[in-house]
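First the structure, in the form of C-alpha cells, and then the observations on it.
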Amino acid sequence: MNVLVINAGSSSLKYQLLDVDTREVYAKGNCERIGIEGSFIGHEENGSGKQKLEVALPDHKTAIDHVFEILENVPQKVDGIGHRVVQGGWYFPESAIVDEDVLAKVREVAPLAPLHNYAEADVVEICRNKFPELGNVIVPDTAFHYNMPEYAWRYALPRDVCDKLHIRKYGAHGTSHRYIWRATKQFLGDDVHKLVSLHLGSGASLCAIEDGRCKDTTMGLTPLDGLIMGTRCGTVDPATVFFLSREGGYSIDEIDTMMNKQSGLLAVSAKSNDSRDIEDGAAEGDEKCQMALDMFYYRTAQLTAEMVCSMEGVDTMVFTAGIGENSDVMRQGVMDRLAWLGIKIDPAKNAVRSDEPRVISTDDSAIKVLVVPTNEEYMIALDVAELLSK
Ligand code: ADP
C-alpha cells in the first residue's frame, strides 16, 4: 500500500509518498514559506537529486494542489493519506480515520496548539474534498501519551480549572517514541521491557515506555516543558512568568516568544541553537558554549532518571532525532552523568555513524544503550495501512 504522509505546519507542508510494505520512499518534499514571500517547494523523487521549484504558495490549498500535480508524474499511485496532527487533546488515544466528527474535534482542541492544528485541519479538509475516494487518517502526536497513569498526567492545580480548560500533561513526539519502541523491540527481541526513549532534536523530549505503554514523558500541556531545547527553556519555576510580567514589564506574548524562541541552548551559549555550533564553540574554549553543554547533559540525565523512576527500573535507553542520532559528544555527555546506574558506553561503538539501529554500550553495561534513527513518516504510514485495511 502506498501512503502519502502529510505534515502541515503554519507556514510549511512536508510530504512523503512511501510503500508501507517495502518502506521504499518514492517521493518527498517540503513546501516552504506558505503565505510568505519567496515560497518554494523542495522536491525529491525515486532517488534523484533535490529540485527547487519556485512557485507562489499563498495558502495551504495551493500547496496541496502543487503537491498532487507533482505526484502525478510519479508512477506509484496514492492509496491513502496520513496526516500528522500535533495536538489530539482530550479526544484521541490513537490514530483515527477522518470523518466530520474527527475533523471537528481536531479543530476543537486547536487552542492547545494554535500554530499547528488549524492548518492541519484545513489540509485534511482540502484532501478530503479533492479526493473523496481516498481515506484520510489523522495521527496525533499526543496519542501515545494519552493513557499514561493519572498521577503522571494530572497537574496539582484546582480541579474545576483543569476540567474546564482541559489542562493536563499531553506530551508530544508520541509518534517518534512509539516508533522507537517498535524498532528497538524488533532489533533486540524480547530483551526490552523498560525503555527510556531520548528524542533529542531542536525540540526534545523523553518518554518512559514499559512493555509498549507510555508511563510518563517530559513535555507537558505544551512542548515547552521538560528538557532544555534549541530555543526553548524547558522547565523553569512557573513563577518566573509572573516575575517577568510584574517586575520585567513583559507582556504575555513577549514571555511566550522569549521562552519558546529566545531561550534554551541559544540563550545560554549566546551563539547558536544548533548543537554542532555549540560543540565547536566549546572545543575552542568558549565558556558559554561549555555551560550550554553542561546544562544540557545535566538536565537530560536528571530527567532520564525521572523516567526511570516512573517505571521503577530500566533495561534500555535509546537516543534518536537530530542530536541523538548524530552527536556522539552529546550522547557521551548525558550517559557519563548516569554512570552511577552502571551504564558503560563503548567509545568506538559510540563513534560509529550509520542509519541503522546500533548498540553503543559495552557488553558488561548494566543497561543497554542504543542509537535508533526515528521514522515518524513510516509509523504514520503503518497506522494508515492498518486502519484503512480494516
Ligand atoms: P526537529 O525535527 O525538532 O526540527 P531534528 O531532529 O532534525 O529537529 O534535530 C535538529 C538538530 O539536531 C539541529 O538543530 C542540530 O542541533 C542537531 N544536530 C546535530 N548533529 C546533526 C547532524 N549531523 N545533522 C542534523 N542535525 C544535527
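Positions are given from 1, in the same order as the sequence printed here. Both counts, for ligands and for their atoms, begin at 1 and track the order of listing.
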When the side chains of residues 105-120 are checked against the rest of the protein, which donor-acceptor pairs come out under 3.5 Å, sequence neighbours left out?
{"residue": "Lys105", "atom": "NZ", "partner": "Asp101", "partner atom": "OD2", "Å": "2.9"}
{"residue": "Arg107", "atom": "NH1", "partner": "Glu125", "partner atom": "OE1", "Å": "3.4"}
{"residue": "Arg107", "atom": "NH2", "partner": "Asp122", "partner atom": "OD1", "Å": "2.9"}
{"residue": "Arg107", "atom": "NH2", "partner": "Glu125", "partner atom": "OE1", "Å": "2.8"}
{"residue": "Glu108", "atom": "OE1", "partner": "Tyr91", "partner atom": "OH", "Å": "2.9"}
{"residue": "Glu108", "atom": "OE2", "partner": "Tyr91", "partner atom": "OH", "Å": "3.0"}
{"residue": "Asn117", "atom": "OD1", "partner": "Gln87", "partner atom": "N", "Å": "3.1"}
{"residue": "Asn117", "atom": "ND2", "partner": "Gln87", "partner atom": "O", "Å": "2.8"}
{"residue": "Asn117", "atom": "ND2", "partner": "Val106", "partner atom": "O", "Å": "3.1"}
{"residue": "Glu120", "atom": "OE1", "partner": "Val86", "partner atom": "N", "Å": "3.1"}
{"residue": "Glu120", "atom": "OE2", "partner": "Val86", "partner atom": "N", "Å": "3.4"}

TODO: In sequence, state the C-alpha distance, the side-chain angles, and the governing distance for Asp65 and Lys61, and then conclude on salt bridge (charged side-chain N to carboxylate O under 4.0 Å, His left out).
DONE: CA-CA 6 Å; Asp65 286 344; Lys61 165 127 184 23; 3.1 Å; yes

Once you restrict both partners to nitrogen or oxygen, which atoms of ligand 1 have a protein partner under 3.5 Å, and how far apart are they?
{"residue": "ligand 1", "atom": "3 (O)", "partner": "Ser202", "partner atom": "N", "Å": "3.4"}
{"residue": "ligand 1", "atom": "3 (O)", "partner": "Ser202", "partner atom": "OG", "Å": "2.9"}
{"residue": "ligand 1", "atom": "3 (O)", "partner": "Gly203", "partner atom": "N", "Å": "3.3"}
{"residue": "ligand 1", "atom": "4 (O)", "partner": "Ser202", "partner atom": "OG", "Å": "2.7"}
{"residue": "ligand 1", "atom": "6 (O)", "partner": "Gly322", "partner atom": "N", "Å": "2.9"}
{"residue": "ligand 1", "atom": "8 (O)", "partner": "Ser202", "partner atom": "N", "Å": "3.1"}
{"residue": "ligand 1", "atom": "8 (O)", "partner": "Ser202", "partner atom": "OG", "Å": "3.2"}
{"residue": "ligand 1", "atom": "9 (O)", "partner": "Ser202", "partner atom": "N", "Å": "3.4"}
{"residue": "ligand 1", "atom": "12 (O)", "partner": "Ile323", "partner atom": "N", "Å": "3.3"}
{"residue": "ligand 1", "atom": "16 (O)", "partner": "Asp274", "partner atom": "OD1", "Å": "3.3"}
{"residue": "ligand 1", "atom": "16 (O)", "partner": "Ser275", "partner atom": "N", "Å": "2.8"}
{"residue": "ligand 1", "atom": "16 (O)", "partner": "Ser275", "partner atom": "OG", "Å": "3.0"}
{"residue": "ligand 1", "atom": "24 (N)", "partner": "Arg276", "partner atom": "NH1", "Å": "3.2"}

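- Among residue pairs with one or both ends in residues 64-83, those qualifying as ring pair (Phe, Tyr, Trp, His ring centres under 6.0 Å) are Phe68-Phe131; sequence neighbours excluded.
- Side-chain N/O atoms of Ser205 and His177 include a donor and acceptor closer than 3.5 Å.
- Remark: of the listed residues Asp216, Asp225, Thr217, Thr142, Asp216 is the sole one forming a side chain to side chain donor-acceptor pair (under 3.5 Å) with Lys169.
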Atom pairs and distances, side-chain donor-acceptor, residues 309-323, under 3.5 Å, sequence neighbours left out:
{"residue": "Ser310", "atom": "OG", "partner": "Met307", "partner atom": "O", "Å": "2.7"}
{"residue": "Asp315", "atom": "OD1", "partner": "His193", "partner atom": "N", "Å": "3.2"}
{"residue": "Asp315", "atom": "OD1", "partner": "Lys194", "partner atom": "N", "Å": "3.4"}
{"residue": "Asp315", "atom": "OD2", "partner": "His193", "partner atom": "N", "Å": "3.2"}
{"residue": "Asp315", "atom": "OD2", "partner": "Lys194", "partner atom": "N", "Å": "2.9"}
{"residue": "Thr320", "atom": "OG1", "partner": "Glu325", "partner atom": "OE2", "Å": "3.1"}
{"residue": "Thr320", "atom": "OG1", "partner": "Val372", "partner atom": "O", "Å": "2.7"}
{"residue": "Thr320", "atom": "OG1", "partner": "Thr374", "partner atom": "N", "Å": "3.0"}

